[in-house]
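Per chain, numbering begins at 1; letters A, B, ... match sequence-line order. Given the structure is predicted, the values throughout are model-derived calculations rather than measurements.
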Amino acid sequence: MKLYCLSGHPTLPCNVLKFKSTTIMLDCGLDMNSTLNFLPLPLVQSPRLSNLPGWSLKDGNAFLDKELKECSGHVFVDSVPEFCLPETELIDLSTVDVILISNYHCMMALPYITEHTGFTGTVYATEPSVQIGRLLMEELVNFIERVPKAQSASLWKNKDIQRLLPSPLKDAVEVSTWRRCYTMQEVNSALSKIQLVGYSQKIELFGAVQVTPLSSGYALGSSNWIIQSHYEKVSYVSGSSLLTTHPQPMDQASLKNSDVLILTGLTQIPTANPDSMVGEFCSNLALTVRNGGNVLVPCYPSGVIYDLLECLYQYIDSAGLSSIPFYFISPVANSSLEFSQIFAEWLCHNKQTKVYLPEPPFPHAELIQTNKLKHYPSIHGDFSNDFRQPCVVFTGHPSLRFGDVVHFMELWGKSSLNTVIFTDVGSDVTVGTVLQRHRRDTWLYSKRPSSQLRRKQGLRDCPWHSLPDIHLEPDFSYLEALAPYQPLAMKCIYCPIDTRLNFIQVSKLLKEVQPLHVVCPEQYTQPPPAQSHRIDLMIDCQPPAMSYRRAEVLALPFKRRYEKIEIMPELADSLVPMEIKPGVSLATVSAVLHTKDNKHILQPPPRPAQPTGGKKRKRASDDIPDCKVLKPLLSGSIPVEQFVQTLEKHGFSDIKVEDTAKGHIVLLQEAETLIQIEEDSTHIICDNDEMLRVRLRDLVLKFLQKF
Amino acid sequence: MPEIRVTPLGAGQDVGRSCILVSIAGKNVMLDCGMHMGFSDDRRFPDFSYITRSGRLTDFLDCVIISHFHLDHCGALPYFSEMVGYDGPIYMTQPTQAICPILLEDYRKIAVDKKGEANFFTSQMIKDCMKKVVAVHLHQTVQVDDELEIKAYYAGHVLGAAMFQIKVGSESVVYTGDYNMTPDRHLGAAWIDKCRPNLLITESTYATTIRDSKRCRERDFLKKVHETVERGGKLWARWPGGAARGSSRAGLPPPLQVLIPVFALGRAQELCILLETFWERMDLKAPIYFSTGLTEKANHYYKLFIPWTNQKIRKTFVQRNMFEFKHIKAFDRAFADSPGPMVVFATPGMLHAGQSLQIFRKWAGNEKNMVIMPGYCVQGTVGHKILSGQRKLEMEGRQVLEVKMQVEYMSFSAHADAKGIMQLVGQAEPENVLLVHGEAKKMEFLKQKIEQEFRVSCYMPANGETVTLPTSPSIPVGISLGLLKREMAQGLLPDAKKPRLLHGTLIMKDSNFRLVSSEQALKELGLAEHQLRFTCRVHLHDTRKEQETAVRVYSHLKSVLKDHCVQHLPDGSVTVESILIQAAAHSEDPGTKVLLVSWTYQDEELGSYLTSLLKKGLPQAS
């Protein structure tokens, strides 16, 4: 059993598991960190962005100034943003039989895999994952396609040139494989390959393996997966939460007794408490608005936003914000709000009971009804008429590189009255990013350039790069997202709300479900490099977790020993069990093995065919027995006295018994036959008298047990 | 011999109070717990004393499954769980769980408040009963206990209706509840995989009917409604007071008011969608009303359970939720006396009580009006009577109601017709079929058809009658991978025409069964192998030296045993597989050589063959 690791990103996993005869892809997350290297795509012509100076080499060579622009000491690619795909060369992706999706954030690379690798299999996902995943993809495609960019930079990707660039461009990995966003047509085609599944549904793959999604508690329809045969069990835990927010609680019990547990998608901010972050979010929002400023919340169109709206629903009136308009701007805002109300079966108990009344499970229905929350597909159209300030705007994309959020950053960035609040750690753009980039560095270069060296390379002037490199503390990723907007006057607040498992919860979970082996991304097997004393910020289990990183192949540590086989009732009836020890019985089985569709069946042996009356002459070779038909093994010992008595009873006379060192010799003098009997062996030596030999054989067998 | 037993307590050769007991591999499951609309005495509920007369039901039943929210499938549930007493799990889908208590409460109100029945279940009992419900999702495998598992499949019919697979080990039963094999205006079609159950228990309401296309029925329905209100509307506009003149098709005065008795949830929404789109397209003005206060609420359930509706509605609900009706308004009791044209949906659907019956009594005397019965009516109800042509109805208090209004029947109930039932049988591929929820005569016909077409046995027990099906489940055991792989590798060899025998030892320890190779079995049990060896002396006439004899033996065997490994070892002996042959001089006769052929019991066949072969002598050397 092998695990091919196609993504090194701990929260955007993409692994392929080979188990028995099946090839199963576990998630296909899309790493969007690559987009941080690009300039934002403004919806409305931005003089600031279009007038940024081109970047030139230290010697003044400016041949890259069309592709690279400089902003506050940071260099960006002026081009259509591109994404870093999972590895496509490590394994032939056309051999993948199925793809299992754990949640809507972890399927964003699906069109790249299903449409361009020769993939012909099936994708399994829950209905909410598919519907909301579709919305996320639709939004992404829309964000990128509605701002057509003539330029597509490629010069900088040249290896020789990339070496000359400043960090982080210089260190960006596998830039040659970065791809542009897919099209809606590819999205639709990819999604048409999905088969919907429900929690605890058992799905047979080729009769060899059974896969089952379980509730993971993280998002609408999010699942962990059990991949098992009758004797082996692999649990794939990806993006799980034990906090009670809107989704159905996590099913932990079903993860028990796993041989291997693959653990991905832990929280990216293990030290932040989501509850207090929500509190901070509300108070910062209220403060800004009261001072006449606007609040911008970069977010995904689904997920945490539902929880935020619910908190605000309770908070608005008490904080005296009832007159402040809340805008939710996304091409899929309406769909997202509508879809959230129809997935009652996938929600936590409290929300489920609401539909019995019948009431919509989320209170944002009421916010919309009372006009407190308004949603628009984009800043164009109705929104421009309704727009009032001060206000609160929820919009994407959290990377701040495309989407309506770019417009609001440009619009509000210059005033210190305004605030941007980052909440959506989502799974891609933020802390994990930097962390991951660092990891890649460390294994790509055996020696990391010292900070001194880096300073020499001109990184000093960029404030967020002169700080220590590694952060599990949240400060950096959002700064990276903000880089192309510097200098910035507006306030930036970081209230990451990531409800996924933290290390304390993981350790509890592992104690509870007791897997034999744990496999996880290498980031989880050591403390964050910047805080090497925090050994509490790593997975602690026995035996130690096996770790993987991008482009590695792991041999998983277990050996299959048994396989299920069905004994047909007729055969079962013919078996003669024999009690060997108390509670242990044995039966020898001679049967015909049938194997079809990976299912094995044992049927009774056919009755010997009747001789056909000698019409045909038998060929000599027909008589040659098949040496592959094995006789049973024998066990036991032969008590000499009883054996001799039996011989006598069967008409043998003239029997002589001699003692030897190890046993006895029984002599049948008349027949010139000698039988050596020892504790563990019997040897019959006789003339070529088949009748006699067979008679003796059967008498000996009476004393022995067959196996 | 293991067996599956099925006993209908209700719905055996009958429609109403569905309740079927199934025993499978020692587990007892009750399928549905319905009431009978045709009766108001003891017979309206199943006779639960059949399960046990003295003991507690909980001890005798492992679980109860409710297929959908119609009262003939769940109407007896509070009586069963709270008054007779059952505390085990009750499984149903989430929409059923949401809607069924509302219908039960409605039913209770009519029985207690309107008919004044005593000793009926109370509102509290409905609540307590619902607390025992466990919601199941489609296709989820629910483990009732370690052995018993159930799985729900989409059934169409009404919102949340499900078919259930009940499985223990390799034995299984599928119960369809009511289902519909063609998608309609708001629901999809039933679907099941090729699960090959031992038994399929299917409803057979329309066992003999093959219905024309749904489109035709819809057109007919719209035409009738349209004609009625449109003309009525014009006439009414000209002659206030509704004094209708003029003529219509049959020389009758044109009717004005259309009553459509429906159940609050289900067909009602389908017909509402139908009328709503038609009204919009034709720009009609006549009002459509929906009788009870339930309307709004009922439609709300549909809005929240969109994933249970058909593909079209699911796809477009964001742009337009089909259950938000613009033309259909709530009905007020006073409207029934106003003379204008109107269409009224009123509950219940069989005209056996409630508002639909009230309106019917008001409107029945006017030949201008029309009642359209869109579904099946149980015997004994007013609906059934008027559909069978009765025009004088005896009401309570010896009143006689003369029915002059036009009575139309349109089959809109979402049951599978004969074709659909056959289709489902084909999908699931059961070993046996059992019919319930239908009339005996019609069942007989369908039974024959199923037996002919699918060559499976088909049963149709009456209530209280038990069908017993012997089963022969195979026994799952674990085979050691080494043994299996060895066998499978050999199965792949070319000369595999003859069935090959697998040999192994089955070790049974408690309930753990493992099939391992004999060597492994001996090793595990700490037993030593006992080797049984034979050595046969074969006398050959040969004057040559022993070594030469051995060479002759070698070349002879080599030519005969082409598929075997024959070797001539340096020490002069010959081996065939693991059988050893040595040539020795005879102690007395120099012209005779003795071949010692030695083999173990495992090579018995080959050893025995070799001795008889060698006995025949060697071919003359050329």
So B/Val477 and A/Leu602, side-chain contact (heavy atoms from CB on, under 4.5 Å) or not? Walk me through it.
-> CA-CA 10 Å; B/Val477 304; A/Leu602 280 184; 5.9 Å; no
Scan for side-chain hydrogen bond (donor to acceptor under 3.5 Å, both in side chains) pairs involving residues 567-586 of chain A, sequence neighbours excluded, and state none if there are none.
-> none
Less than 4.5 Å to any heavy atom of chain B: does that hold for the side chain of [X], its backbone, both, or neither?
| X | value |
| --- | --- |
| A/Glu359 | backbone |
| A/Leu575 | side chain |
| A/Gln603 | neither |
| A/Thr595 | side chain |
| A/His683 | both |
| A/Ile685 | both |
| A/His594 | neither |
| A/Glu690 | side chain |
| A/Val700 | side chain |
| A/Arg560 | both |
| A/Tyr199 | backbone |

At their closest point, which heavy atom of [X] faces which heavy atom of [Y], and how far apart are they?
| X | Y | value |
| --- | --- | --- |
| B/Val516 | A/Tyr562 | CG1-OH, 3.9 Å |
| A/Tyr356 | B/Ala98 | CD2-CB, 3.3 Å |
| A/Ala344 | B/Gln94 | C-OE1, 3.9 Å |
| B/Tyr601 | A/Leu701 | OH-CD1, 3.5 Å |
| B/Leu522 | A/Leu634 | CD1-O, 4.3 Å |
| A/Glu127 | B/Arg314 | OE2-NE, 4.1 Å |

Sequence neighbours excluded, which residues qualify as side-chain hydrogen bond (donor to acceptor under 3.5 Å, both in side chains) partners of B/Arg196?
-> B/Glu429
Quick one: of [options], who has the most non-hydrogen atom pairs under 4.5 Å with chain B?
| options | result |
| --- | --- |
| A/Met568, A/His600, A/Gln131 | A/His600 |
| A/Ile675, A/Val694, A/Leu357 | A/Leu357 |
| A/Leu704, A/Thr673, A/Ile567, A/Asn334 | A/Ile567 |
| A/Thr588, A/Ile565, A/Val584 | A/Ile565 |
| A/Ser335, A/Ala572, A/Pro577 | A/Ser335 |

Quick check on the interface: out of [options], who has the most heavy-atom pairs with chain A under 4.5 Å?
| options | result |
| --- | --- |
| B/Ser517, B/Ser608, B/Ala521 | B/Ser608 |
| B/Ile479, B/Thr141, B/Leu614 | B/Ile479 |
| B/Leu613, B/Leu484, B/Leu527, B/Leu483 | B/Leu484 |
| B/Asn512, B/Leu610, B/Asp510, B/Val538 | B/Val538 |
| B/Lys151, B/Lys509, B/Lys615, B/Glu604 | B/Glu604 |

Is the backbone N or O of [Y] less than 3.5 Å from a side-chain atom of [X], with the two atoms forming a donor-acceptor pair by type?
| X | Y | answer |
| --- | --- | --- |
| B/His530 | A/Gly636 | yes |
| B/Gln602 | A/Pro632 | yes |
| A/Ser635 | B/Ala528 | yes |

Apply the test side-chain contact (heavy atoms from CB on, under 4.5 Å) to residues B/Cys536 and A/Arg693: give CA-CA distance (whole Å), side-chain angles for both, the deciding distance (0.1 Å), then the verdict.
-> CA-CA 9 Å; B/Cys536 259; A/Arg693 190 186 66 83; 3.8 Å; yes
Look up atom [atom1] in [X] and atom [atom2] in [Y], then write down how far apart they are to the nearest 0.5 Å.
| X | Y | atom1 | atom2 | value |
| --- | --- | --- | --- | --- |
| A/Asp680 | B/Leu532 | CG | CG | 12.5 Å |
| A/Gln705 | B/Thr505 | CD | OG1 | 11.0 Å |
| A/Glu345 | B/Thr93 | CD | OG1 | 7.5 Å |
| A/Asp687 | B/Thr611 | CG | OG1 | 11.5 Å |
| A/Leu196 | B/Leu138 | CG | CG | 10.5 Å |
| A/Glu338 | B/Asn321 | CD | CG | 7.0 Å |

Are A/Arg697 and B/Phe534 in a cation-pi setup, meaning NZ or CZ lies under 6.0 angstrom from the ring centre and within 45 degrees of the ring axis?
->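 Because its charged atom misses either the 6.0 Å distance or the 45° angle limit, A/Arg697 does not stack over B/Phe534.
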Identify which part of B/Pro473 has an atom lying under 4.5 Å from any heavy atom of chain A, answering side chain, backbone, both or neither.
-> backbone
Where on B/Gln143 is there a heavy atom nearer than 4.5 Å to chain A: the side chain, the backbone, both, or neither?
->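 For B/Gln143, the contact with chain A is made by the side chain alone.
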Should A/Lys202 and B/Glu149 be marked as a salt bridge (Lys or Arg N to Asp or Glu O under 4.0 Å) after you check the CA-CA gap, both sets of side-chain angles, and the distance that decides it?
-> CA-CA 11 Å; A/Lys202 294 177 179 172; B/Glu149 57 181 49; 3.0 Å; yes
Kindly indicate whether the side chain of B/His300, heavy atoms from C-beta on, has any atom under 4.5 Å from the side chain of A/Pro360.
->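 SC-SC contact between B/His300 and A/Pro360 confirmed.
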State, yes or no, whether a side-chain contact exists between A/Ile342 and B/Pro307 at a heavy-atom distance under 4.5 Å.
->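 Answer yes - side chains close enough.
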Start with the C-alpha distance between B/His139 and A/Val197, add both sets of side-chain angles, then the distance that settles side-chain contact (heavy atoms from CB on, under 4.5 Å), and finish with yes or no.
-> CA-CA 7 Å; B/His139 301 167; A/Val197 293; over 6 Å; no
